[in-house]
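Chain naming here is simple, since letters A, B, ... match the order of the sequence lines and numbering starts at 1 in each.
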Number of protein chains: 2
Amino acid sequence: MAPELVRSVLERIGDKWSVIVICRLGPEPRRFNELRRLVDGITQRMLTATLRGLERDGLVTRSVFPTVPLRVEYALTDSGRTLLDVVQALVGWAGANAETVHVARTEFDRRAREQPQPVGAG
Amino acid sequence: MAPELVRSVLERIGDKWSVIVICRLGPEPRRFNELRRLVDGITQRMLTATLRGLERDGLVTRSVFPTVPLRVEYALTDSGRTLLDVVQALVGWAGANAETVHVARTEFDRRAREQPQPVGAG
DNA sequence: CAGTATCCTTAAGGATACTG
DNA sequence: CAGTATCCTTAAGGATACTG
């Protein structure tokens, strides 16, 4: 049902940071700057945007504690946790196959460099 | 080991078409135009680019049969098939949760429309 | 049939400065 | 601490015409 809906869900997960942020959220709630430190290379702007997107999709909750200084905690929802499972499988695959893929890429690029022409040259 | 390698593998899967193409390849080999018909909305250019990327990563093989007319078949490799499994889990999750996510989005957008200001207005 | 070559648009994301 | 506001760059992807 509704293949466009499925695609719109995949597009969220397919952005640059969502998968990593979901993994770093894991089981416990995390504060904003804590996440920022855990997700290597993310900017403040993109962390906010990513968290808002996940919150919008009902995958993450945002809890504000009006203390001084302000305290904001992010945590996975129930459906967020079910997504974490499949995302971990994906990251696990990437980890297990990173080396193989890297070798394949190097080989492919070497062949492309050696025979750029359709018909034998040289 | 090598978190950047893992990320580079995730980036391939995270583009617009790879997941869908991998699913459509499934167990049997497919011809180019056959795939083009199966993957709704993809352009010739993007199908070529996506298949090249998958071939480069060692996930897909490209077999040319020099008949007239030309015949080119694409098939998943062994590691491509292991990726298919986890990708199917992801697509399965998206399918199972599409409705829930859609509702969450609608609710989120409604609340954002009603209270755009940090402090109660109007 | 199975592509490649060109041109173009849009939007994702980075950098930086500022704030309740 | 946890953001928002602006500006800018790049690259992903679409449209279209052409080809071995």
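- Between the side chain of R56(B) and the backbone N or O of D109(A), no donor-acceptor pair lies under 3.5 Å.
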Quiz item: Going 5' to 3' along nucleotides 11-16 of chain C, which nucleotides have protein heavy atoms under 4.0 Å from the base (write B), which only from the sugar-phosphate (write S), and which from neither (write -)?
Solution: --BBB-

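- Residues S18(B) and D15(B) have side chains that bring a donor and an acceptor to within less than 3.5 angstrom of each other.
- When each of V60(B), L38(B), V21(B) is paired with R30(B), the side-chain contact (heavy atoms from CB on, under 4.5 Å) condition holds for L38(B) and for no other.
- Residues F32(B) and L51(B) are in side-chain contact: their nearest non-hydrogen atoms beyond the backbone lie under 4.5 Å apart.
- Taking every heavy atom of both residues into account, C23(B) and V91(B) meet most closely at SG-CG2, 4.0 Å.
- The distance from atom CZ of R71(A) to atom C1' of dC1(D) is 11 Å, rounded to the nearest whole Å.
- Atom CG of L35(B) and atom P of dG3(C) are 10 Å apart (whole Å).
- Where pairing requires Watson-Crick or G-U contacts shorter than 3.5 Å, the helical stems of DNA chain C with at least three consecutive pairs are C:1-20 with D:1-20.
- Considering only the side chain of T48(B), dG3(C) comes nearest among dC1(C), dG3(C), dC1(D).
- Using a 4.0 Å cut-off, some side-chain N or O of R62(A) falls inside it from OP1 or OP2 of dG3(D).
- For dC1(D), neither phosphate oxygen OP1 nor OP2 lies less than 4.0 angstrom from any side-chain nitrogen or oxygen of Y74(A).
- Between the side chain of R24(B) and the backbone N or O of V39(B) there is no donor-acceptor pair closer than 3.5 Å.
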Quiz item: Given R110(B) and E114(B), is the salt bridge (charged side-chain N to carboxylate O under 4.0 Å, His left out) satisfied, shown in steps?
Solution: CA-CA 6 Å; R110(B) 188 183 54 70; E114(B) 281 173 8; 3.1 Å; yes

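- Of the possible donor and acceptor atoms, none in the side chain of R81(B) sits under 3.5 Å from a partner among the backbone N and O of P27(B).
- Considering only side-chain atoms of N33(A), the nucleotide from dT4(C), dC1(D), dC1(C) that sits closest is dC1(D).
- Applying the 4.0 Å criterion to OP1 and OP2 of dT4(D), one finds that R52(A) has a side-chain N or O inside that range.
- Across every non-hydrogen atom of T77(A) and G58(A), the tightest pair is OG1-O, 2.7 Å.
- Here dA2(C) presents its C1' atom at 6 Å from CZ of F32(B), a figure rounded to the nearest Å.
- Atom-to-atom, CD of E55(B) to P of dA2(C) comes out at 15 Å; the value is rounded to the nearest Å.
- Heavy atoms of F65(A) sit nowhere under 4.0 angstrom from any nucleic acid atom.
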